[in-house]
Amino acid sequence: MRKINCIIIDSNEPDLEILSQHINSIPFFELSGAFKSSEDAVDILRTQKVDLLFLDIENSGISGLKFLESISYSTRVIITTKEGHFALEAFNLSVLDYLLKPLNKERFRKAADKAYELFSLLSLRDRRNYPLDEPSANQEYLFVTSDYSLVKIKLSDVTYVEGLKDYLKIYFVSQINPVVTRMTMKALEEKLPGNQFFRVHKSYIVSIDKIDIIRSQRIKIGANTVPISDGYYETFRQKVNI
């Protein structure tokens, strides 16, 4: 596996230096940049592939949580902070880990190992050419990242997908709890076969086969109701011949 490309955002100079030293001590990490504000890091995040971002959620320039929401789902994030009260909201945004300052070398190594495990799985997925990039009419499954693992999603079992900021909930016929993954709706939509799934709202994709009732721009799937927005309604009507 190639080295994991890392950047840091932290306005505190001593903390920035300590974290840089920790990263440089890990053989499978490669430090590509250390920045004192999120504004300084925007260019590299837009123009280069950044695998892992170490983000001080308090000292990143703008609101750390707001900035976290704007980061591409393909960039994994490890939070570094002196405060623990951001943890719940941060993990709801699927951060990879949450490190409290002062940074402990042993704890940092555990976070690094967790990152290595995840990126090894992603690398394995790419080498095996799992069908994530080019959807086909007879595609049966795809893999998504959830809880630091690759989870196999059987498409025939999916009822609908709900988008919540930069993460998604994928609902199924055969299980109560959805799979939660950090991904945008657009990214997932591009991976799903268009003959099986259709986006009916900025926050919803439905499995056409699982639709029970369509009434007043509402779709009934089992006990759940999904709205159809005005912008998608006419195209959806054509899709299902109504």
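Only heavy atoms go into these numbers, but all of them, side chains included; no hydrogens, no water, no symmetry mates. All of these numbers come straight from a predicted model, not from anything done at the bench.
- Minimum heavy-atom separation, Tyr141 to Lys152: CG-CE, 3.5 Å.
- One finds no salt bridge joining Asp15 and Lys36 here, because no Lys/Arg side-chain nitrogen approaches an Asp/Glu carboxylate oxygen to under 4.0 Å.
- Atom CG of residue Asp97 and atom CG of residue Asp113 lie 10.5 Å apart, to the nearest 0.5 angstrom.
- By the 4.5 Å heavy-atom criterion applied to side chains, Val151 and Phe143 are not counted as neighbours.
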When you look at Leu168 and Val180, which way does the side chain to side chain contact (heavy atoms under 4.5 Å, CB included) test go after all the steps? CA-CA 6 Å; Leu168 308 176; Val180 179; over 6 Å; no
What's the verdict on salt bridge (Lys or Arg N to Asp or Glu O under 4.0 Å) for Asp56 and Lys101, showing C-alpha distance, side-chain angles and the deciding distance? CA-CA 10 Å; Asp56 185 317; Lys101 296 180 179 181; 2.4 Å; yes
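- Pairs of residues two or more places apart, or lying in two chains, that qualify as side chain to side chain donor-acceptor pair (under 3.5 Å) and include a residue from residues 207-224 are Gln217-Asp230.
- The side-chain heavy atoms of Gln196 and Pro193, taken from C-beta on, include a pair separated by under 4.5 Å.
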Run the salt bridge (Lys or Arg N to Asp or Glu O under 4.0 Å) test on Glu234 and Arg237 for me, step by step, so that the C-alpha distance in whole Å, both residues' side-chain angles and the decisive distance to 0.1 Å come before the verdict. CA-CA 5 Å; Glu234 189 55 40; Arg237 279 170 51 91; 3.7 Å; yes
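- Heavy atoms only, all atoms of each residue included: Val206 and Val226 are closest at CG1-CG1, 3.9 Å.
- To the nearest 0.5 angstrom, Ile228 atom CD1 is 4.5 Å from Phe236 atom CZ.
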From CA spacing to verdict: ring-ring contact (aromatic ring centres under 6.0 Å, His included), Phe198, Tyr204: CA-CA 9 Å; Phe198 193 84; Tyr204 292 97; over 10 Å; no
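- Nearest heavy-atom pair, Ile205 versus Phe197, reported as atom, atom and distance to 0.1 Å: CG2-CB, 4.0 Å.
- Ion pair Glu189/Arg199 flagged as a salt bridge, since at least one NZ, NE, NH1 or NH2 atom sits closer than 4.0 Å to an Asp/Glu carboxylate oxygen.
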Scan the side chains in residues 23-31 for donor-acceptor partners under 3.5 Å anywhere in the protein, sequence neighbours excluded, and list what turns up.
residue	atom	partner	partner atom	Å
Asn24	ND2	Ser20	O	3.1
Ser25	OG	His22	O	2.6

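- For Phe172, there are no ring-ring contact (aromatic ring centres under 6.0 Å, His included) partners, not counting sequence neighbours.
- Contact record, Val144 with Thr181: CB-OG1, 3.9 Å, taken as the closest heavy-atom pair.
- Residues Asp157 and Ser174 bring a donor and an acceptor atom of their side chains to less than 3.5 Å of each other.
- Around atom NZ of Lys49, more than 12 heavy atoms belonging to other residues, nucleotides or ligands sit under 6.0 Å away.
- Among Ile57, Leu96, Leu100, the single residue meeting the side chain to side chain contact (heavy atoms under 4.5 Å, CB included) criterion with Ile79 is Ile57.
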